[in-house]
Amino acid sequence: MKSIVLLSLLGVTSMFAGVFNYRKLILPIILIGLAAAIGLLADQWGTNKVFFEMALFDNYAIAFSCLLISVAFLIFTLALYHYRNESDIVTDLYALFLFALTGGVLMTSFNNLVMLFLGIEILSIPLYVLAGSRRADLASNEAALKYFLMGAFATGFLLFGIALVYGASGTFDMAGIAAYVQNSKEIPDFFYIGIVLLIVALLFKVSAAPFHFWAPDVYQGSPVLVTTFMSTVVKIAAFAAFLRLFNYCFTPLSGYYDIILIAAAIATLLIGNITALYQQSVKRMLAYSGISHAGYLLIALVVMGASATSVVFFYSAAYAAASLIAFSVLTAVMENKEGRESFESFKGLAKNNPLLALCMSIAMLSLAGIPPLAGFFGKYFLFATAIKDGFLWLVFVAIFNSLVSLYYYLRVIVNMYTTSDEETPAFKPNYALVVMLLITVGVSLALGFYPDLLMGLL
Amino acid sequence: MDYTTIILLAIPLLSIPLLYLLPRAFAKHVALTSSLASAAFLLYVFYELFTICNCKTFQFTFNEVWVKSLGINFHLSMDGISMLMLLLTNLAVPLIILSSYNSPQGNTRGLFGLILLMQASLLGVFMAADSFLFYLFYELALVPVFFIILNWGGENKGRINLKFFIYTLAGSLLMLVAIIFLYLQTGDSATFNIRSFYTLSLTANQQGLVFWGFMLAFAVKIPLFPFHTWQPATYTVAPTQGTMLLSGLMLKMALYGIFRFVIPITPLAVEQWGSTIMVLAVIGVVYGAWIAIAQNNIKTLFAYSSLSHVGLIAAGMFTLTTQGLQGGLFQMVAHGFNAVGLFMVADILGRRLGTYELNKMGGIARQAPKFAILFFIILLGAVALPLTNGFVGEFLLLLGIFSYSKVMAGIAGLTIILGAVYMLNTYQKSMFGEANETTANFKDLTVTEMLVLVPIAAIILGAGIFPELFMKLTELPVETMLTKLSAGAVK
């Protein structure tokens, strides 16, 4: 709870940085604040504190919140690099990021459907603005509008779903709903409809098929930093909320809605991967790859149970680390190549800057699930859990998709190690970028060598 | 706790940072020193194992919990069969490194680092006693080769490399499913230990699934007909070091895997499907040889010849006879050295002449007698002439196949005749005849090249004349396995 307050205060501090002229100081303040927030959360490990029946900070919430805040921490490090030549509106953007992050933390710790709704909205509204933050850019404007319209739609579904669930059970409280599901003899049909609507809304938020179509356009149109935030923090928060809600309240009814999740998982995997094959822009490819990873995580949701939380947590961490590397290298390459983001613009990177190419290779191999990187254990853990629960055929679908995804991940690597005809200026070393890459590559390797670091946590 | 296996694994791995810490000019020397150190240490271990001479049981075991929540142990150990494969790896890698001493590849640090990483993953595969670890190293070995081809490959390397990587990974993922399946069958003990898989009682259907999970992975990597389509192109496009690693060492992982997993864990399925695999393997034997005859590019020719030879090994192993298994293991090593030698020869020709095409060569023997002699010895090993290592292996293999099916032995025996046809043809076209403009100034071997080819020639003759030394390593494990299998069949 203290961490939520701290995050909001950080956001407010950042908002006034422009007025009171301490812009230069704001990033260090934010970074220290985020580290403090992680500390405050970690301090409550194992205490299961409940706040006004509204938020419950159990280990699940703390672990996911810490993950979200750490990812945000790294994104702010990247911001140090990305926005180093801009001055005016940057602090406002930081404030928006922080508010969105606060929403994310609420989404992992809610104990009441109202808090879930508030969390999602607090997360989404700043993002609508952030997506359009490159005001002069038409694509950015388009992304913002699209994201807003789609998001509003999803919110409608969510509220309708919550209302129906409330109508049947008479409570917004998670424990109350769980008790209702377990004890009542007859559950009215509209309760099931409510569950389906909740699924639809959450599928929207995690950008799973068939509600994924906003994601590629929005990801491509938004500034890179915002895209990074959306494909990591937002996705993880949405999955954390999804898992928390369904694992806690609706598990006894899983027979009724599993089929929807399975269909969504398969569709997401296929659409995400196969469309990614045809992309010419790396940024857009990463968007589709993000969609396909949502598909893998949906398999974990189908499996559910205690092991599923571990799977989702580990997978998210591995995915976030690799995505952060990929997006930061993409940022660097785009700056070097006048904003071009095609596969061709990666040509010659290995000659120009072998270390960046190495980092990107590690990211791609981790996303593709090659040992001994974090992504491999994420996938392995997922497959093993699914096979254990009797979903062998679903694993075969996932394996087929892993192979498809291999093509477009390796394509990036192949391009980097192909020589390019054009002259490119050398990269200027930047400490923020180096630190960020060191941490994320370190995490990707460490989780590959010592998966127990996070595996046994939940 | 015994740290022998860890030291073996650590020598190449710790040398990689050393490559980057020392000045660029030292890179190749560091790599060579490291690989020689590995070889020397292994020979010492080999001596120790031999004095104990209990090659049946597993020695030098290192077992530590690695990932507790998933039941994965860092469990390494070795028996005679592992030792044989380790010897192949650690003796071949110095030769491969030496062969690239004067190669045109620019960024030598990267190349040598990747070769050493490859060596470590191969050693890991051959020492793994935990099936998860086996899988991990098996896939890890793919990464260095991918980057070697990507950085230093020839034309169309991007496309061919992608096909190679995706194709082989497709197989490995099925193997992963089979391993997870076996792991879940161990019940409460929840272990990946390979030897606890041996005692599982699986139904015939379950064995069939596990069998194909493993076999598809191995069939792609060996490669068996019709999963071989990635191979000739990849061997041709890869730089020589890459081809040597691929054909000399990497495909042995799959053959070794058949011995470690497929035969002991799924005997019923081997009984049911073994003949299918043998038919495929024999088709590959004839097919590879037949296409090799028509090749003009010497590298592609050797690639197809390799396809033909490894097909014979696979066929022999599935006979489940002492000769077949022993011969298979022996021939794995023999083929490893022969392949390294042949591709070294191809590299020397290609580098001096600027072409791999046979019809542009000729008359080299007169210009370079040393080269001609060494090439001839390696070639004799490849066509399995008596008193060479190839003869011992292929003779035993054919003997095994003969006791299994006379028809198959007859067809597989063609490999010797066809092999003689294309190999002697190659030799004649390249070495004899009139020298032309390209070959007129062919320089004889340099000292480094001699240092690669002479040991290979010595091994070819040595192992051909004194095969017992190697046979002794594999004798006991093979026998134990066969008695276990027949006991199981009776039950």
Side-chain angles (χ1 to χ4, degrees), chain A residues 307 310-311 314 347 350-351 354 357-358 361-362 365 368-373 376-377 379-390 392-393 395-396 398-411 413-419 447-458, chain B residues 20 65-72 74 106-107 109-110 113 121 124 132-133 135-143 146-153 156-185 190 192 209 213:
Chain A
S307 52
S310 281
V311 173
F314 189 89
K347 271 190 181 164
K351 270 263 160 56
L358 181 68
S361 301
I362 288 175
L365 291 177
I370 305 293
L373 297 166
F376 166 71
F377 275 101
K379 258 187 195 154
Y380 166 76
F381 201 8
L382 177 67
F383 290 174
T385 319
I387 291 176
K388 202 172 178 178
D389 271 44
L392 184 62
W393 65 277
V395 170
F396 279 114
I399 283 181
F400 170 74
N401 279 284
S402 298
L403 292 172
V404 174
S405 71
L406 209 53
Y407 177 79
Y408 55 80
Y409 290 134
L410 293 184
R411 200 172 142 206
I413 300 181
V414 168
N415 269 300
M416 288 193 299
Y417 287 88
T418 313
T419 43
L447 287 184
F449 286 107
Y450 295 106
D452 267 346
L453 282 178
L454 294 182
M455 204 82 97
L457 210 58
L458 284 176
Chain B
Y20 284 89
V65 175
W66 180 28
V67 188
K68 204 163 172 226
S69 45
L70 299 180
I72 301 167
F74 204 86
N107 186 0
R109 277 172 177 173
S121 27
F132 190 90
L133 220 53
Y135 176 80
L136 201 90
F137 284 120
Y138 189 88
E139 273 208 353
L140 182 63
L142 213 52
V143 177
F146 177 80
F147 279 99
I148 288 176
I149 298 177
L150 194 56
N151 272 308
W152 298 282
N156 278 334
K157 58 185 180 183
R159 196 173 48 78
I160 291 168
N161 211 2
L162 274 178
K163 183 178 173 183
F164 157 66
F165 199 102
I166 295 175
Y167 214 136
T168 40
L169 200 74
S172 333
L173 283 172
L174 295 176
M175 173 164 80
L176 180 62
V177 173
I179 289 176
I180 296 176
F181 179 81
L182 288 171
Y183 169 73
L184 294 175
Q185 300 304 313
F192 280 104
L209 283 175

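No hydrogens, no waters, no symmetry mates; every other heavy atom, side chains included, goes into these values. Each chain gets a letter, A, B and so on, in the order its sequence line appears, and its residues count up from 1.
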Non-hydrogen atoms of B:Ser69 and A:Asp452 that approach each other most closely: OG-OD1, 2.7 Å
Residue part contacting chain A, namely of B:Phe181, when any heavy atom lies under 4.5 Å: neither
Winner by heavy-atom pair count (cut-off under 4.5 Å) against chain B, out of A:Val404, A:Asn415, A:Leu406, A:Thr418: A:Leu406
Whether A:Phe377 and A:Tyr380 hold their rings parallel, tilted or perpendicular, with breakpoints at 30° and 60°: perpendicular
Residue part contacting chain B, namely of A:Leu392, when any heavy atom lies under 4.5 Å: side chain
Interchain contact, B:Phe132 with chain A, by part (heavy-atom threshold 4.5 Å): side chain
Chain A interface, residue from B:Leu136, B:Ile166, B:Leu140, B:Asn161 that has the most non-hydrogen pairs under 4.5 Å: B:Ile166
Within-4.5 Å side-chain heavy-atom neighbours: B:Leu142 and B:Phe164: yes
Which atoms of B:Phe146 approach chain A - backbone, side chain, both or neither, heavy atom under 4.5 Å: side chain
Region of B:Lys157 in contact with chain A, defined by heavy-atom distances below 4.5 Å: side chain
Results of side chain to side chain contact (heavy atoms under 4.5 Å, CB included) for A:Lys351 - residues two or more places apart only: A:Thr419
B:Tyr135 side chain near B:Leu173 side chain, heavy-atom distance below 4.5 Å: yes
Test item: B:Leu182 and B:Phe192 side chains (from C-beta on) under 4.5 Å apart, heavy atoms: no
Results of side chain to side chain contact (heavy atoms under 4.5 Å, CB included) for B:Leu209 - residues two or more places apart only: none
Engaged part of A:Phe400 at the chain B interface, taking heavy atoms whose separation is under 4.5 Å: neither
Test side-chain contact (heavy atoms from CB on, under 4.5 Å) applied to A:Phe376 and A:Leu365, step by step: CA-CA 9 Å; A:Phe376 166 71; A:Leu365 291 177; over 6 Å; no
Leading residue by heavy atom contact count with chain B [cutoff under 4.5 Å; candidates A:Ser402, A:Ala368, A:Pro451, A:Pro354]: A:Pro451
Region of B:Ile72 that comes under 4.5 Å of a non-hydrogen atom in chain A: side chain
Residue A:Ser361 versus chain B: region with a heavy atom under 4.5 Å: side chain
